[in-house]
Amino acid sequence: MKRKLYINLLVAVLMMSSCNTVRNLVNKDNSTQKTVTKVYGTEKREFINGIEVTLGTVTTTKHKTSSSATTTKNKTNNSGNGNPPTKAELEKASWLQLKYAIVMDMPAEELTNIPLLELMDKWWGTRYCIGGSTMNCIDCSAFTQVIMKEIYNIQLPRTSQEQFNIMQPIPIDELQEGDLVFFNTGGRGISHVGVYMQNNKFLHASTSQGVTISDLNDKYWNPKFRGGGRMR
């Protein structure tokens, strides 16, 4: 009887010990309570239609490129009107520089007054007539009025003599773009006027060619030159 009781007691002790061991193993295995994290790295991968994917983010590369282009255009805006020059405007400016660089025999990159080139190109070849002041026909002093008003915001009197009278005399070797050059083509006093450009060239409305560019050293114009002038 005692032996049977001893055996039962031993079995009970063994069973209790096994339960504690199992419980401890269960308590130590808490893997089901953790979040499983898969690390894919931080490298960017580009997929269809310029879509760029980074872990946790999606960005369209097209938008990024567009923003960058806008910033660049804004940085190059020198027009003063708040709007960057369009591609067509830039191409037109380059074309005008090349065109009149040939006429003026000078590097295209030195022709930087684009509004003046545009206005000159607009009037180029307009025929001459005494007293004229429109694009149908124009005389020399009316043409200098147009150029000085639209480009330099200077209001000139009507005749070449009157324009000469209000000018500060400028030696020929000190002439700058926008100065006026005066001539006596016949009779007394000043009878012709033009706008000095660069490289000894001047823009004017001539009787034979209409609005054109001539050289101060030309055999016709040089003997008739009477001086340069600048607004006082």
Side-chain angles (χ1 to χ4, degrees), residues 78-80 93 96-97 99-232:
N78 296 318
S79 61
L96 287 172
Q97 287 173 307
K99 177 180 178 180
Y100 288 104
I102 296 173
V103 175
M104 296 179 62
D105 191 25
M106 59 183 296
E109 60 270 19
E110 293 183 14
L111 295 175
T112 58
N113 193 338
I114 304 302
L116 177 57
L117 295 181
E118 290 177 334
L119 188 59
M120 179 168 63
D121 197 62
K122 175 183 176 182
W123 283 86
W124 190 267
T126 299
R127 69 184 184 90
Y128 178 93
C129 65
I130 297 178
S133 59
T134 69
M135 293 194 71
N136 290 325
C137 68
I138 194 167
D139 65 22
C140 63
S141 56
F143 184 62
T144 54
Q145 279 187 319
V146 170
I147 297 296
M148 299 304 288
K149 175 63 177 177
E150 295 195 25
I151 302 301
Y152 302 103
N153 198 30
I154 295 175
Q155 187 68 54
L156 294 177
R158 180 62 180 88
T159 69
S160 57
Q161 182 64 62
E162 290 172 330
Q163 292 175 10
F164 178 81
N165 292 341
I166 66 170
M167 292 288 155
Q168 173 188 349
I170 301 294
I172 190 170
D173 58 349
E174 294 181 14
L175 287 170
Q176 299 176 6
E177 182 184 280
D179 290 338
L180 297 186
V181 286
F182 298 94
F183 304 85
N184 181 352
T185 55
R188 293 183 300 176
I190 303 299
S191 56
H192 191 72
V193 60
V195 179
Y196 185 77
M197 299 291 287
Q198 297 183 59
N199 195 30
N200 225 41
K201 304 294 192 296
F202 66 100
L203 173 67
H204 63 131
S206 74
T207 56
S208 59
Q209 296 177 286
V211 173
T212 189
I213 287 176
S214 299
D215 195 303
L216 288 174
N217 289 327
D218 181 85
K219 63 181 181 180
Y220 176 81
W221 293 107
N222 183 263
K224 297 173 173 57
F225 181 66
R226 294 294 179 268
R230 187 178 300 163
M231 285 297 294
R232 301 177 189 274

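Because the structure is predicted, anything quoted here is derived from the model rather than measured. Residues: numbered from 1 along the sequence shown.
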side-chain contact (heavy atoms from CB on, under 4.5 Å) for Val195 and Leu116? Distances and angles first, verdict last.
CA-CA 11 Å; Val195 179; Leu116 177 57; 5.7 Å; no
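- Listed for the Gln97 side chain is a donor-acceptor partner under 3.5 Å among the backbone atoms of Leu111.
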Report the C-alpha separation of Lys224 and Asp218 in whole Å, then their side-chain angles, then the decisive distance to 0.1 Å, and conclude whether the salt bridge (Lys or Arg N to Asp or Glu O under 4.0 Å) test is met.
CA-CA 10 Å; Lys224 297 173 173 57; Asp218 181 85; over 6 Å; no
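- Judged purely by atom type and a 3.5 angstrom limit, Asn165 uses its side chain to pair as donor or acceptor with the backbone of Gln161.
- Side chain of Glu110 to main chain of Pro107: no donor-acceptor pair is present (N/O by atom type, distance under 3.5 Å, no hydrogens or angles).
- For the residue pair Met120 and Ile213, the shortest heavy atom distance occurs at SD-CD1, 3.6 Å.
- Under the 3.5 Å distance criterion, with hydrogens and angles disregarded, a donor-acceptor pair is assigned to the side chains of Ser191 and Thr185.
- Taking all atoms of both residues into account, the shortest heavy-atom contact from Asn222 to Asn217 is ND2-OD1, 3.9 Å.
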How far apart are the C-alpha atoms of Trp123 and Met135, what are their side-chain angles, what is the distance that settles it, and do they pass the side-chain contact (heavy atoms from CB on, under 4.5 Å) test?
CA-CA 7 Å; Trp123 283 86; Met135 293 194 71; 3.5 Å; yes
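- Residue pairs meeting the salt bridge (Lys or Arg N to Asp or Glu O under 4.0 Å) criterion with at least one partner in residues 176-200, sequence neighbours excluded, are Asp179-Arg230.
- Between Ile138 and Thr126, the shortest heavy-atom distance links the atoms CG2-CG2, 4.1 Å.
- Atom CG of Leu156 is separated from atom CD of Glu162 by 10.5 Å, given to the nearest 0.5 angstrom.
- Distance alone, capped at 3.5 Å, is enough to place a donor-acceptor pair between the Arg232 side chain and the Ile166 backbone.
- Atom CZ of Arg127 is separated from atom CG of Asn136 by 7.5 Å, given to the nearest 0.5 angstrom.
- Side-chain N/O atoms of Thr144 and Gln163 include a donor and acceptor closer than 3.5 Å.
- Between Asp105 atom CG and Tyr100 atom OH the span is 16.0 Å, to the nearest 0.5 Å.
- Listed by first and then second residue, the disulfide bond (SG atoms under 2.5 Å apart) pairs that reach into residues 192-232 come to none, sequence neighbours excluded.
- In this structure, Phe183 has its ring center closer than 6.0 angstrom to the ring center of Phe225.
- Not a single side-chain hydrogen bond (donor to acceptor under 3.5 Å, both in side chains) links Ser160 to another residue, sequence neighbours left out.
- The backbone N or O of Arg226 sits nowhere less than 3.5 Å from a side-chain atom of Asn184 that would complete a donor-acceptor pair.
- Considering every non-hydrogen atom in both Trp221 and His204, the closest pair reads CZ2-CE1, 3.2 Å.
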